[in-house]
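Only a predicted model underlies this, so the values are computations on that prediction, with no experimental measurement involved. Both counts, for ligands and for their atoms, begin at 1 and track the order of listing.
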Amino acid sequence: MKIAYTVKEVREQVKIWRKEGLTVGLVPTMGYLHEGHASLMKKAVEQNDKVVASVFLNPMQFGPTEDLESYPRDFEQDCKLCDSIGVDMVFHPEPEEMYAPDFCTCVDMDVLSKTLCGKSRPIHFRGVCTVVTKLFNIVTPDRAYFGQKDAQQLAIIRRMVRDLNMDIEIVGCPIIREEDGLAKSSRNTYLNEEERQAALVLSKAIFLGQKMVEDGERDAATVKKAMIELIEAEPLAKIDYVEVVDGLSMQPVDTYTEPTLTAMAVYIGKTRLIDNFIFE
Ligand code: PAF
């Protein structure tokens, strides 16, 4: 497996693959890879001749009071995982390689990025759209892989690709959970033992809401209320949002029609975790 640190190295390698007529899949990540990332990479290996995984902790998508500095990193372990899955190249640039000192061009999105996580993280999706666009331009993949856990991010990237005529297939992959239900996340590592237990309230609320909808409940307020009550019973949990939104526009809806996304962000102590289910 090749490790590339510069844009030039990636471009040279991809050019060779293209000359050989090979397809290329891209899995963008911020590192500290877990089984969720592994599932994206496995899918990419299945569907493409060559796979690039990027490991780049993108400063542009973190607000000034967020966890950029403390975000977990283990590049050596990340490379081992990528190699074991059959990734062909890891792209691991320094921030200076991605952002020139006078960098001033951004990709921004209206509407979809203003609700849910966009409300409490106002610059987040501009950072995501910008770095993903850059990665698409550098790697020029046929397909790119994103997890359904970041449902709003996935919807935003699909919209960006459509709106800006990017010739890339976006493949969404299901949420991967721990055995007890907690959605896999690099940020789970912040939780102490007591918080780890308390964090189960997210998946419990998701499973409750999902069951209500499966059983025929279509009123968004009723489902939301039941989920919020369950979360509020956990003393270590503080709700950022629990929302029911249209699965494409990310705007609030009153009734479940397909596709509808039920998404939440909840603080467990200082750690902000997200989870969701989609009705489609
Ligand atoms: O989902 C993530 O890990 C990041 O937002 C992404 C897509 C790699 C962009 O930095």
Side-chain angles (χ1 to χ4, degrees), residues 4 7 10 25-41 43-44 51-63 66-75 77-79 81-82 87 89-99 103 106-109 112-113 116-118 120-139 141 143-161 164 166 168-176 183-190 250 263 265 271-276:
V7 172
V10 176
L26 169 67
V27 183
T29 82
M30 296 203 300
Y32 210 71
L33 306 180
H34 51 68
E35 284 94 328
H37 299 107
S39 74
L40 306 182
M41 296 192 286
K43 187 100 194 151
V51 171
V52 180
S54 59
V55 175
F56 178 59
L57 189 52
N58 175 34
M60 202 182 164
Q61 68 190 73
F62 288 79
E66 292 181 354
D67 58 343
L68 174 62
E69 293 310 320
S70 57
Y71 198 87
R73 300 153 209 236
D74 191 342
F75 184 58
Q77 193 52 41
D78 291 347
C79 286
L81 182 69
C82 292
V87 166
M89 178 162 60
V90 170
F91 177 40
H92 184 49
E94 290 295 324
E96 301 76 47
E97 177 69 10
M98 292 295 276
Y99 299 110
F103 181 90
C106 296
V107 182
D108 210 347
M109 186 176 294
L112 279 78
S113 67
L116 309 177
C117 290
S120 44
R121 307 186 71 190
I123 61 143
H124 176 65
F125 289 115
R126 187 178 52 183
V128 170
C129 287
T130 303
V131 81
V132 169
T133 300
K134 284 169 70 66
L135 290 167
F136 286 177
N137 285 337
I138 295 163
V139 179
R143 299 183 190 85
Y145 296 77
F146 297 88
Q148 177 63 39
K149 185 171 84 69
D150 295 290
Q152 187 176 18
Q153 169 172 283
L154 179 57
I156 285 174
I157 289 166
R158 285 192 197 285
R159 180 64 68 91
M160 176 182 85
V161 163
L164 300 183
M166 295 172 170
I168 296 168
E169 184 190 338
I170 301 301
V171 183
C173 300
I175 297 177
I176 304 294
K184 300 252 183 195
S185 163
S186 306
R187 289 188 167 99
N188 291 349
T189 184
Y190 295 148
M250 301 289 113
T271 307
R272 185 175 177 280
L273 299 174
I274 56 173
D275 205 342
N276 69 78

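Atom NZ of Lys43 has 12 or fewer neighbouring heavy atoms from other residues, nucleotides or ligands inside a 6.0 Å radius.
Between the CG atom of Leu112 and the CZ atom of Arg158 there is a distance of 12.0 Å, given to the nearest 0.5 Å.
Distances below 4.0 Å separate heavy atoms of Pro28 from the following atoms of ligand 1: 8 (C). The atoms of ligand 1 that sit less than 4.0 Å from any heavy atom of Gln153 are 1 (O), 2 (C), 4 (C), 5 (O), 7 (C). Atom numbering of ligand 1 starts at 1 in the shown order; those under 4.0 Å from a heavy atom of Val131 are 9 (C), 10 (O).
Distances between N or O atoms of Thr29 and those of ligand 1 include no value under 3.5 Å.
Residues Ile157 and Val128 are in side-chain contact: their nearest non-hydrogen atoms beyond the backbone lie under 4.5 Å apart. At a threshold of 4.5 Å between non-hydrogen side-chain atoms, the residues Tyr190 and Asp67 count as touching.
Given atom 3 (O) of ligand 1, the protein heavy atom at minimum distance is Met30 CG, 3.6 Å. Summary of contacts: the protein heavy atom closest to atom 9 (C) of ligand 1 is Gln61 OE1, 3.3 Å.
Between Phe103 and Tyr99, the ring-plane angle classifies as perpendicular under the 30° and 60° cut-offs.
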